[in-house]
Amino acid sequence: MLTITITSLSGGQGKTTSALFLGRLLSRAGLPTLMLDSDPQHNLTTYLGFELEPDQPTLLEFLKKTVAPEDSIYPTLDNDNLFLIPADDQLDTVQDYLSNSGVGATLLKRRLEAVSNIFKVCIIDAPPQRSQICLTVIGAADFLLIPAEASVKGYGSLVRTLDLLNGLRDVGATGADVLGILPFRDRWIGNTQAHESRAAVEGMRDEAGADLVLPSIRESERYKQAINKRTTLSELG
């Protein structure tokens, strides 16, 4: 199972949107795909149309191993290849458990081994803060996809994320490579890129290397429409 963590150490960078569309794309291409919502704000769970009952297991129980792994995994609507380990507000309570476990950064990687022969791909939506949950989802990754808003804030988020990755590599807590940097909400006026967006994307290329910076995602209402209609951009035309 290939595990890709979508991470960026700031809110509003496009993590959940990127995770959602990547998961849909891969699953509809025929790959059994597991989506993992590791953000206590649980936006990915909401976007996938999943409403948790009070007694249903989530990522919290999956990490603590209080239920069988398959009891935390749920099918999604209208897609036989897409599955979800959801999150809810209670996920915040796992921070101390991860911190005290002694293997917090590698714990999720170990837990996912139990389902690695069922799915081809696991897409993890990371929280926007440097936290124990963030550390363990980076520790579980084979690759990181780092969305970063084409702005000063987005550039700063990218720098902090790369610093965290390098720190985890230095202590052997992850072997993840950067799959790509995804400039998000790239603003254009007609055929002219906004000055802040252009400067931010150039800064990303200088920071991470031009080869790692993917084509920009332009600012568009189409993403919200596709999320609300639970479809892909290509299906919207």
Whether the Gln129 and Ser131 side chains hold a donor-acceptor pair (N or O, under 3.5 Å, no angle test) is what I'd like checked. no

Heavy-atom pair with the smallest gap, counting every atom of Thr106 and Ala173: CG2-O, 4.0 Å

CD1 of Ile146 to CG of Leu182, rounded to nearest 0.5 Å, is 10.5 Å

If only atom types and distance count, is the side chain of Arg111 paired as donor or acceptor with the main-chain N or O of Leu63 below 3.5 Å? yes

So, applying side-chain contact (heavy atoms from CB on, under 4.5 Å) with Leu44, which one of Asp37, Thr17, Ile124 is it? Asp37

Would a hydrophobic clustering, with Ile, Leu, Val, Met, Phe, Trp and Tyr connected at side-chain separations under 4.5 Å, put Val121 with Tyr47? yes

Under 3.5 Å, is there a donor on one side chain and an acceptor on the other for Ser10 and Ser8? no

Is Leu107 reachable from Leu59 through a run of I, L, V, M, F, W or Y residues, each pair having side-chain heavy atoms under 4.5 Å apart? yes

Is any side-chain N of the basic residue among Asp163 and Arg130 closer than 4.0 Å to the acidic one's carboxylate O? no

So do the side chains of Leu2 and Cys122 get within less than 4.5 Å of each other, counting heavy atoms only? no

When you group the ILVMFWY residues by side-chain heavy-atom contacts below 4.5 Å and let the links chain together, are Val178 and Ile138 in the same group? yes

Rounded to the nearest 0.5 Å, what's the gap from OG on Ser18 to CD1 on Ile217? Could you check? 7.0 Å

Ionic contact status for Glu219 with Arg185, cut-off 4.0 Å: no

Point-to-point distance, once rounded to the nearest 0.5 Å, from CG of Leu145 to NZ of Lys15: 11.5 Å

Return the OG to CG distance between Ser220 and Leu233, rounded to the nearest 0.5 Å. 7.5 Å

Quick check: are there more than 12 heavy atoms from other residues, nucleotides or ligands sitting under 6.0 Å from CD1 of Ile189? no

Any Lys/Arg nitrogen of Glu235 or Arg28 sitting under 4.0 Å from an Asp/Glu carboxylate oxygen of the other? yes

Test side-chain contact (heavy atoms from CB on, under 4.5 Å) applied to Leu9 and Thr161, Leu158, Val159, the passing residue: Thr161

Measure from the side-chain N and O atoms of Ser72 to the backbone N and O of Pro57, and report whether any donor-acceptor pair falls under 3.5 Å. no

Ignoring hydrogens and geometry, is there a side-chain-to-backbone donor-acceptor pair from Thr45 to Phe50 under 3.5 Å? no

Sequence neighbours excluded, every pair satisfying ring-ring contact (aromatic ring centres under 6.0 Å, His included) that has a member inside residues 171-206: none

Check: Phe119 and Ile73 side chains under 4.5 Å, non-hydrogen atoms: yes

CG-CZ distance between Asn79 and Arg230, expressed to the nearest 0.5 angstrom: 12.5 Å

State, with a plain yes or no, whether a side-chain heavy atom of Phe62 is found less than 4.5 Å away from one of Leu108. yes

Side chain proximity check, Gln132 to Tyr97, heavy atoms < 4.5 angstrom: no

Worked verdict on Asp177 versus Arg169 for side chain to side chain contact (heavy atoms under 4.5 Å, CB included): CA-CA 10 Å; Asp177 291 320; Arg169 283 173 172 168; 3.7 Å; yes

Does any part of the side chain of Gln90, heavy atoms only, come nearer than 4.5 Å to the side chain of Thr58, both counted from C-beta? no

Using a cut-off of 6.0 Å, state whether more than 12 heavy atoms not belonging to Asp211 lie near its atom CG. no

Side-chain heavy-atom pair Gln193, Val201 within 4.5 angstrom cut-off: yes

Where is the tightest heavy-atom contact between Ala200 and Ala150, given as atom of each residue plus distance? CB-C, 3.5 Å

Show your working on salt bridge (Lys or Arg N to Asp or Glu O under 4.0 Å) between Glu202 and Arg205 and close with a plain yes or no. CA-CA 5 Å; Glu202 289 174 355; Arg205 293 191 180 111; 5.7 Å; no

Asn81 side chain to Ser27 side chain, donor-acceptor N/O pair below 3.5 angstrom: no

Do Tyr74 and Phe83 pass the side chain to side chain contact (heavy atoms under 4.5 Å, CB included) test, and can you show the C-alpha distance, the side-chain angles, and the key distance before you say yes or no? CA-CA 6 Å; Tyr74 303 89; Phe83 296 80; over 6 Å; no

From CA spacing to verdict: side chain to side chain contact (heavy atoms under 4.5 Å, CB included), Leu144, Leu165: CA-CA 9 Å; Leu144 299 185; Leu165 174 61; 3.8 Å; yes

Where is the tightest heavy-atom contact between Gly23 and Ile123, given as atom of each residue plus distance? CA-CG1, 4.3 Å

Between Asp125 and Leu20, does the side chain to side chain contact (heavy atoms under 4.5 Å, CB included) criterion hold? Intermediate values first, please. CA-CA 8 Å; Asp125 183 23; Leu20 179 67; over 6 Å; no

Has the side chain of Arg24 got a donor or acceptor atom that lies under 3.5 Å from a matching backbone atom of Thr231? yes

Is a side-chain N or O of Ser99 found less than 3.5 angstrom from the main chain of Asp96, in a donor-acceptor match? no

Does any N or O in the side chain of Thr136 come within less than 3.5 Å of the main-chain N or O of Ile133, such that one atom is a donor and the other an acceptor? no

Within the side chain of Gln95, is there an N or O that forms a donor-acceptor pair under 3.5 Å with the backbone of Asp92? no

With a 4.5 Å limit on heavy-atom distance, are the side chains of Leu112 and Leu36 in contact? yes

Same cluster (ILVMFWY, side-chain, under 4.5 Å), Tyr223 and Ile6: yes

Would the distance check show the side chain of Thr76 and the main-chain N or O of Leu82 forming a donor-acceptor pair, the cut-off being under 3.5 Å? yes

If you compare all heavy atoms of Met1 against all heavy atoms of Val115, which two are closest, and at what distance to 0.1 Å? SD-O, 4.3 Å

Sidechain N-carboxylate O distance under 4.0 Å for Lys153, Glu196: no

Let me see the working for Thr5 and Thr7 under side-chain hydrogen bond (donor to acceptor under 3.5 Å, both in side chains), right down to the final yes or no. CA-CA 6 Å; Thr5 293; Thr7 186; over 6 Å; no

Please check if Leu22 and Ile181 belong to a single hydrophobic cluster, counting links between Ile, Leu, Val, Met, Phe, Trp and Tyr side chain heavy atoms closer than 4.5 Å. no

Quick one: does any side-chain atom of Ser101 pair with a main-chain N or O of Gly104 as donor and acceptor, under 3.5 Å? yes

To the nearest 0.5 Å, atom CG of Leu34 lies from atom OG1 of Thr3 at 8.5 Å

Might you point out which heavy atoms bring Leu52 and Ala87 nearest each other, and give the distance in Å? CD1-O, 3.7 Å

For the student: nearest non-hydrogen atoms of Pro69 and Ala114, plus distance: CG-CB, 3.8 Å

Any side-chain heavy-atom pair from Met35 and Thr33 closer than 4.5 angstrom? yes

Pairs where residues 60-89 contributes a residue and the test salt bridge (charged side-chain N to carboxylate O under 4.0 Å, His left out) is met, not counting sequence neighbours: none

